[in-house]
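Structure, as structure tokens:
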Amino acid sequence: MIDFMEVKPNEIKELAGLASEIWHEYWTCILSAAQINYMVDKFQSERAVINQIKSENYAYFYVLCDNQKAGYIGLSNKQDYLFLSKLYIKKEYRHKGIGTKSFEFVKNYALKNDLNKIQLTVNKYNQNTINAYNKWGFKTINSVITDMETALLWMIILWNIH
């Protein structure tokens, strides 16, 4: 059974550990170890997550599979859209429909918050993830380099809820 649970303040350190584990496993085929360490520190460290929740209107959710933490989602309500910042699933839980159920959760979260657009960024070399978002109806609206420190190319993708 797939379920979603909002991350509580006393669980942020655990979330940061889960994020580091997933990022260091997943990104090795696209990023260098130095880039992964930089990105984890900048965006998924305990300090970064606390700052996102306090000042950037973020909410984090664990993705649970049979009550086990299989991944996590990071969302931020913007003025006229929901920013899907993170949707990561541990390796042993991938390709089991959990990503699709997670996206349904994100879509419902947007609707509950009166937002009819979801926007995200994805590394342009992350083709499997791009394929999943295309399958879910997302369309690329721009490609940019968003971080000079890592010099990574990202695509900005938009999905309109009909």
Side-chain angles (χ1 to χ4, degrees), residues 2-27 30-64 69-90 98-99 101-126 129-130 132-133 136 138-161:
I2 309 303
D3 204 1
F4 304 90
M5 177 180 75
E6 189 161 8
V7 175
K8 298 175 186 84
N10 66 335
E11 297 173 316
I12 293 173
K13 184 175 185 173
E14 179 184 6
L15 173 69
L18 175 64
S20 181
E21 174 190 341
I22 293 172
W23 280 51
H24 282 91
E25 175 272 319
Y26 183 79
W27 286 105
I30 298 174
L31 306 177
S32 71
Q35 287 174 316
I36 296 168
N37 290 336
Y38 171 81
M39 298 291 281
V40 167
D41 182 61
K42 184 169 181 170
F43 298 111
Q44 292 294 217
S45 64
E46 185 177 1
R47 169 191 38 75
V49 170
I50 290 169
N51 182 59
Q52 290 163 4
I53 292 169
K54 286 184 177 179
S55 62
E56 299 178 43
N57 206 23
Y58 268 71
Y60 277 90
F61 300 87
Y62 285 118
V63 178
L64 304 173
K69 291 174 181 151
Y72 68 100
I73 299 169
L75 304 170
S76 178
N77 289 14
K78 303 298 182 187
Q79 185 172 351
D80 60 349
Y81 66 92
L82 179 66
F83 181 58
L84 171 53
S85 178
K86 287 119 185 131
L87 194 167
Y88 287 97
I89 306 297
K90 292 171 78 172
I98 296 171
K101 290 202 184 289
S102 296
F103 177 67
E104 288 298 317
F105 171 82
V106 171
K107 184 171 77 170
N108 289 331
Y109 183 92
L111 291 171
K112 287 178 190 172
N113 286 276
D114 296 320
L115 298 168
N116 64 359
K117 294 178 186 172
I118 300 169
Q119 188 170 309
L120 59 93
T121 57
V122 62
N123 185 291
K124 70 184 293 179
Y125 301 112
N126 191 353
T129 299
I130 292 168
Y133 286 124
W136 295 332
F138 281 80
K139 301 293 179 212
T140 301
I141 59 172
N142 200 359
S143 291
V144 296
I145 297 175
T146 59
D147 192 306
M148 296 309 292
E149 192 74 27
T150 57
L152 297 176
L153 301 174
W154 298 89
M155 298 167 51
I156 300 171
I157 297 180
L158 178 68
W159 189 75
N160 291 307
I161 299 173

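Along the sequence shown, residues are numbered consecutively beginning with 1. The structure presented is a predicted model; accordingly, all values stated were derived computationally and were not measured.
- Residues E56 and N51 share a closest heavy-atom pair of OE2-ND2, 3.4 Å.
- Using bins of under 30°, 30° to 60° and over 60° for the plane-to-plane angle, the ring pair F4/F105 lands in the parallel bin.
- Here the straight-line distance linking atom NZ of K8 with atom CD of E14 works out to 10.0 Å at 0.5 Å rounding.
- In this structure, N113 contributes its side chain and L115 its backbone to no donor-acceptor pair below 3.5 Å.
- The pair E104-K101 does not meet the salt-bridge criterion, since no charged nitrogen lies less than 4.0 angstrom from a carboxylate oxygen.
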Discussion item. I'd like to know whether Q52 forms a side-chain hydrogen bond (donor to acceptor under 3.5 Å, both in side chains) with Y60, so could you lay out the CA-CA distance, the side-chain angles of the two residues, the decisive distance to 0.1 Å, and finally the verdict.
Written reply: CA-CA 10 Å; Q52 290 163 4; Y60 277 90; 2.3 Å; yes
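- Considering CZ of F43 and OG of S85, their distance stands at 8.0 Å, rounded to 0.5 Å.
- How far CG of L31 is from CH2 of W23: 8.0 Å, rounded to the nearest 0.5 Å.
- At a threshold of 4.5 Å between non-hydrogen side-chain atoms, the residues L18 and K90 count as touching.
- Looking at heavy atoms from C-beta onward, E11 lies in side-chain contact with Y62 at the 4.5 angstrom threshold.
- Between the S20 side chain and the A16 main chain, no donor and acceptor come within less than 3.5 Å of each other.
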Discussion item. Evaluate L64 against I2 for side chain to side chain contact (heavy atoms under 4.5 Å, CB included), listing each step before the verdict.
Written reply: CA-CA 6 Å; L64 304 173; I2 309 303; over 6 Å; no
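- Two residues are said to be in side-chain contact when any heavy atoms from C-beta on lie closer than 4.5 Å; R47 and D41 meet this criterion.
- Relative orientation of the W136 and Y133 rings is perpendicular, given thresholds of 30° and 60° on the angle between their planes.
- Of all non-hydrogen atoms in L82 and A110, the two that sit nearest each other are CD2-CB, 3.8 Å.
- Here the side chains of F103 and I118 are in contact, with some heavy-atom distance below 4.5 Å.
- With rounding to the nearest 0.5 angstrom, the OH atom of Y72 is 3.5 Å from the CD atom of Q44.
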